[in-house]
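Each remark here refers to the structure printed beneath this line.
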Amino acid sequence: MVNKIENSTFQLSTKLTQLGRCPDEQCGFVNSPIYRGSTVIYNTYQDIENKSARFSYGTAGTPTIENLENAWSVLAGAKGTVISPSGLGSIALALFTTTKSGDHLLMPDSVYRPTRNFCNGMLKRFGVETQYYDPMIGCDIEKLVRENTSTIFLESPGSQSFEVQDIPAIVAVAKKHNIKTIIDNTWATPIFFQAHQHGIDLSLEAGTKYLGGHSDLLMGLISANEQTWPALREAYDHMAMLPGAEDCFLALRGLRTLHLRLKEAEKRGLEMAHWLKHCPEVIKVLHPALTDCPGHEYWKRDFKGSSGLFSIVLDPKFNSENVAKMLDNMSVFSMGFSWGGFESLIIPFDCTQYRTVTKWHPEGLTLRLQIGLEDIDDLKHDLAQGLQRLHQ
Ligand SMILES: *Cc1c(COP(=O)(O)O)cnc(C)c1O
């Protein structure tokens with residue numbers, strides 16, 4: 001559905017209400033219908049010879065999928081978008097797009113752990129060598145570039161440990177050596193970080209998180225700039241790892257309120273981060289908008305906001321038994337791995353277990369928090385009581 005809004009000069013919130021739907025083509029209904037389908041019918045011999053239908057077969061796309069692709073491309077400032085059944089699926093597809101046998105791939109040591117597993121397993125079997133780099137390396141990444149380096153992957157801030165990368169410095173090196181860049185932009189989303197404007201070729205979003213927003217959706221989106229779009233679409237068409245129609249419908253619904261939910265997540269995340277900074281049991285708050293966080297100055301320079309996910313480092317005098325007492329008895333926060341939903345979450349994590357080129361010295365035990373939409377005083381009360389239990 002060609003949407004009149006795509007090239008308009010409306011502000012973002014206006015666009016988010018109008019993208020990916022076209023009431024004139026939908027019997028007047030506000031939202032576009034869900035198209036499910038494999039076969040597409042052609043009317044004449046000529047039509048089938050020329051494959052002239054706008055949609056040729058279910059795996060090649062449906063109006064439901066295309067609505068979301070087009071809407072996301074506008075939001076991301078991209079030439080095109082493809083959608084996968086999960087965030088991890090999108091990571092795999094992006095890496096299959098830019099690498100081939102014999103290539104060298106640079107990956108930050110702070111990367112989302114399943115990305116590391118994909119590189120060390122599948123990509124290795126296909127003859128791609130992954131070298132991990134210090135996420136704070138900046139322009140010195142040039143020293144790691146080899147003749148066969150095809151891709152530099154970025155994730156900013158880093159999973160769990162929240163290092164913010166010097167993205168412009170890394171992109172400049174990549175451009176100089178004709179290397180493709182991919183960023184996992186899940187934390188910021190295009191609302192808080194415009195990856196393609198910063199020269200990134202492929203930008204990934206786990207739609208599972210803030211786009212879904214209700215912990216009931218798994219999805220990944222990859223947007224591409226003009227030069228990289230044909231290769232991305234080709235890889236997608238070869239694999240046909242497409243999203244389900246109902247999932248696209250839910251994601252389009254999430255898109256309408258994404259900016260509001262993110263701004264609320266930002267406000268609440270900051271309030272809780274500053275509050276935790278004053279708790280004596282907490283020695284560090286790893287939140288990109290706070291000065292404790294490595295790369296805070298890059299966040300300030302490049303990002304338009306912060307979302308509601310961050311980590312804390314506890315005083316080293318507390319051990320895992322103390323932390324168990326804290327976490328086993330929370331009444332508002334639950335323990336769970338995904339995030340970006342309406343509910344608050346807290347998990348323990350330990351990056352030291354799997355990092356390979358950087359030492360992570362958090363001093364104390366570490367917890368990651370996702371701040372949800374509950375009453376802020378209820379959240380503080382729950383955490384205050386939890387932190388008290390550390391002393392038991
Ligand atoms: C959750 C997450 C993913 C993966 O998304 P799934 O849909 O759960 O596969 C990728 N990257 C980051 C940074 C994530 O937090």
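The analysis underlying the following values was restricted to heavy atoms, covering all of them including side chains, and did not include hydrogens, waters or symmetry mates. Indexing begins at 1, ligand by ligand and atom by atom, following the structure's order.
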Notebook entry, point to check: Of all the non-hydrogen atoms in the protein, which one sits nearest to atom 4 (C) of ligand 1, and at what distance?
Noted result: Tyr112 OH, 3.4 Å
Next item on the list: Give the atoms of ligand 1, by number and element, whose distance to some non-hydrogen atom of Ser86 is under 4.0 Å.
Entry: 7 (O), 9 (O)
Next item on the list: Among all protein heavy atoms, pick the one closest to atom 2 (C) of ligand 1 and tell me residue, atom and distance.
Entry: Lys209 NZ, 2.4 Å
Check: Is the NZ or CZ atom of Arg116 positioned over Tyr132's six-membered ring, under 6.0 angstrom from the centre and within 45° of the axis?
Finding: yes
Check: Are the aromatic rings of Trp187 and Tyr210 close, with centres under 6.0 Å apart?
Finding: no
Check: Taking atom types as modelled and ignoring hydrogens, do the side chains of Asp47 and Thr44 form a donor-acceptor contact shorter than 3.5 angstrom?
Finding: yes
Next item on the list: Please check if any side-chain donor atom of Glu163 sits under 3.5 Å from a side-chain acceptor atom of Ser161, or the reverse.
Entry: yes
Margin query: Within the 3.5 Å criterion, strictly below it, is a donor on Arg355 or Thr358 matched to an acceptor on the partner's side chain?
Written below: yes
Note to self: Quick test: of every protein heavy atom, which one is nearest to atom 12 (C) of ligand 1, and how far off is it to 0.1 Å?
What the structure shows: Asp184 OD2, 3.4 Å
Note to self: Between Asp201 and Asn225, is there a side-chain donor-acceptor contact under 3.5 Å, judged purely by atom types and distance?
What the structure shows: yes
Checklist line | Side-chain donor-acceptor pair present, Thr99, Ser150, cut-off under 3.5 Å | finding: no
Next item on the list: Under 4.0 Å from a heavy atom of Glu155: give me the atoms of ligand 1 that qualify, with their elements.
Entry: 13 (C)
Check: Just heavy atoms, cut-off under 4.0 Å: does Trp187 contact ligand 1 by side chain, backbone, both, or neither?
Finding: neither
Checklist line | Glu374/Lys380 ion pair, N-O < 4.0 Å | finding: no
Notebook entry, point to check: Numbering the atoms of ligand 1 from 1, which are under 4.0 Å from a heavy atom of Gly87?
Noted result: 4 (C), 5 (O), 6 (P), 7 (O), 9 (O)
Item checked: Ligand-residue contact atoms, ligand 1 with Trp339, heavy atoms, under 4.0 Å -> 15 (O)
Check: Could an N or O of ligand 1 be found under 3.5 Å from any N or O of Leu88, whether backbone or side chain?
Finding: yes
Checklist line | ligand 1 to Thr208 polar contact by distance, N or O atoms, under 3.5 Å | finding: yes
Check: Is there at least one pair of N or O atoms, one from Ile91 and one from ligand 1, spaced under 3.5 Å apart?
Finding: no
